[in-house]
Amino acid sequence: MNNVVIAGVGKYIPSKIVTNNMLSQIVETSDEWIVSRTGIKQRHITTNENTSDIASKAALNAIHDSNIDVCDIDLIIVATCTPDMYTPATACIVQKNIGAKNAFAFDLGAACSGFIYGINVAKSIMVSNDIKKALVIGAETLSKSIDWNDRSTCVLFGDGAGAVVLSLSENEGILDVICKSKGIKWENLTIGAKDLTNPYIDEKIRMNPYLNMNGSEIFKFATVEIVILIKQILKDNNLSLEDIAYIIPHQANERIIQFAAKKLEIPVDKFYINIDEYGNTSAASIPIAISEMSEKNLLKKGDKLIAVGFGAGLTSGACLIKWQNN
């Protein structure tokens, strides 16, 4: 068996809702301003949970959906840019939390493209090492990396986690994955680490610990890249847009999705959009969307889906999926 299918999906969304009107009490903004420019109406924020906590809850929901025992999991990958700590990996904490004692675990950092990168890595490891079951989790607590006085970023992001169980199968599932990086543009979206300082340097190099974004550059990158990736993965697999049931984009800005639909000459309804409720949850946005679509019974066995992401790095990626989880 050298195919990998999605055998289960799950999500976890923190209960605290922060509306646009609530943000207008912190920074100079308004509901109309945020909605008209982003499509975001609210976001969910953690109040007493870290990334490993919400990742663990999403993972357990996906395991329940797949109807397997947690000890069947051989591999855990957590895609995140907001880990609990530098080390150990958030995935190792998740392993302990859920009791997946037979798995090996590590984190993957590709920001908003992280879930697609994680699918690609997990599939490769599973096929080459005959690993039967894997968990790929996208989880973010971006609220801890936001400068809540910066109205250009604090209105955009939310917290949440989504997870999938992958399984080796004789059926087609993950049909193709494309991953790309444009490191020359890395400075346009950053979250700084610790200052560089030690007894042997003349001057401390200070790092900004908050999310910093060149919004116009990210918008230009995303609107071009999302179209290129969709066209490329269709061409590589001899498919047309008519063969695709849904496109599941990273939920960064509704205007990016509308632009892509116009360039591809398809109705925006072809894209699944939930940014109004969650905001930008980075690596979590695509698995949250897939889980939500499954809950709503929007996905039928045999449906072909394209998941497409883009973000800091600058990274991007697309995944062609044949849905089998019914």
Side-chain angles (χ1 to χ4, degrees), residues 1-11 51-52 55-56 58-63 65-66 68-81 83 89-95 98 100-140 161-181 233 248 250 282-291 294 305-309 311 313 315-325:
M1 295 187 294
N2 58 2
N3 293 320
V4 173
V5 303
I6 294 177
V9 296
K11 72 180 194 302
T51 304
S52 63
S56 299
L60 287 172
N61 289 334
I63 290 168
D65 186 56
S66 66
I68 64 170
D69 188 276
V70 67
C71 293
D72 294 335
I73 299 295
D74 304 303
L75 166 66
I76 301 171
I77 298 175
V78 173
T80 186
C81 60
T90 300
C92 291
I93 305 172
V94 170
Q95 183 206 26
I98 67 175
K101 62 182 181 180
N102 296 319
F104 67 100
F106 61 91
D107 288 356
L108 186 153
C112 305
S113 309
F115 179 75
I116 291 173
Y117 274 52
I119 292 289
N120 199 15
V121 171
K123 180 184 177 182
S124 298
I125 292 174
M126 292 173 75
V127 170
S128 61
N129 293 277
D130 195 34
I131 287 177
K132 301 294 193 299
K133 308 290 182 188
L135 262 174
V136 179
I137 308 165
E140 303 285 10
V164 298
V165 172
L166 299 181
S167 179
L168 280 186
S169 175
E170 295 178 353
N171 298 317
E172 293 183 318
I174 307 300
L175 301 177
D176 194 13
V177 189
I178 300 169
C179 293
K180 299 169 66 177
S181 300
I233 206 161
I248 307 168
H250 165 52
S282 188
S285 75
I286 290 174
I288 287 173
I290 294 173
S291 179
S294 179
L305 316 169
I306 294 176
V308 60
T315 63
S316 59
C319 181
L320 178 63
I321 303 164
K322 187 172 183 180
W323 189 252
Q324 300 288 356
N325 185 30

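The shortest distance between side-chain heavy atoms of Leu135 and Ile98 falls below 4.5 Å. For the pair Ile68 and Ile73, the minimum side-chain heavy-atom distance is below 4.5 Å. Side-chain contact between Asp72 and Val165 is absent, with no heavy atoms from C-beta onward closer than 4.5 Å. In this structure, Val177 and Ile116 have side chains that are in contact, with non-hydrogen atoms separated by less than 4.5 Å.
Looking at every heavy atom in both residues, Asp65 comes nearest to Gly8 through OD2-CA, 3.3 Å. Shown here for Ala122 and Val136, the closest heavy-atom pair between the two residues is CB-CG2, 3.6 Å. Val5 approaches Gln324 most closely through the heavy-atom pair CG1-CG, 4.1 Å. Ala283 and Ala111 make their closest contact through CB-O, 3.4 Å (heavy atoms, listed as atom of the first residue, atom of the second, distance). Counting all heavy atoms, side chain and backbone alike, Thr315 lies closest to Ala110 at OG1-O, 3.0 Å. Across every non-hydrogen atom of Gly138 and Ala284, the tightest pair is O-CB, 3.3 Å.
Without hydrogens or angle criteria, Ser167 side chain to Ala7 main chain gives no donor-acceptor distance under 3.5 Å. Checked by atom type and distance alone, the side chain of Ser291 never pairs as donor or acceptor with a backbone atom of Ile288 at under 3.5 Å. Thr51 places no side-chain N or O within 3.5 Å of a backbone atom of Ala139 that could act as its donor or acceptor partner. In this structure, Ser56 contributes its side chain and Ser52 its backbone to a donor-acceptor pair below 3.5 Å. In this structure a side-chain-to-backbone donor-acceptor pair under 3.5 Å is present from Asn102 to Cys71. Remark: side-chain polar atoms of Asp107 are not paired, donor with acceptor, to backbone N or O of Ala89 under 3.5 angstrom.
In this structure, CG on Leu320 lies 4.5 Å from CG on Leu175, to the nearest 0.5 angstrom. Residue Phe115 holds its CZ atom at 11.5 Å from CG of Leu108, rounded to the nearest 0.5 Å. Remark: Ile131 CD1 to Lys123 NZ distance equals 15.0 Å, nearest 0.5 Å. Rounded to the nearest 0.5 Å, atoms CD (Glu140) and SG (Cys81) are 4.0 Å apart. Note that CD1 of Ile6 is 4.0 Å distant from CD1 of Ile321, once rounded to the nearest 0.5 Å. Rounded to the nearest 0.5 Å, atoms CZ (Phe106) and OG1 (Thr90) are 13.0 Å apart.
Under the side chain to side chain contact (heavy atoms under 4.5 Å, CB included) rule, Ile125 has a single partner from Asp74, Leu75, Val4, which is Leu75.
The salt bridge (charged side-chain N to carboxylate O under 4.0 Å, His left out) search around Lys133 returns none, not counting sequence neighbours.
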Next on the checklist: For a side chain to side chain contact (heavy atoms under 4.5 Å, CB included) check, start with the C-alpha distance between Ile119 and Val164, then their side-chain angles and the critical distance, and finish with the verdict.
Outcome noted: CA-CA 9 Å; Ile119 292 289; Val164 298; 3.9 Å; yes

Next on the checklist: Could you go through Cys319 and Asn120, starting from their C-alpha distance and side-chain angles, then the distance that decides it, and tell me whether this counts as side chain to side chain contact (heavy atoms under 4.5 Å, CB included)?
Outcome noted: CA-CA 8 Å; Cys319 181; Asn120 199 15; over 6 Å; no

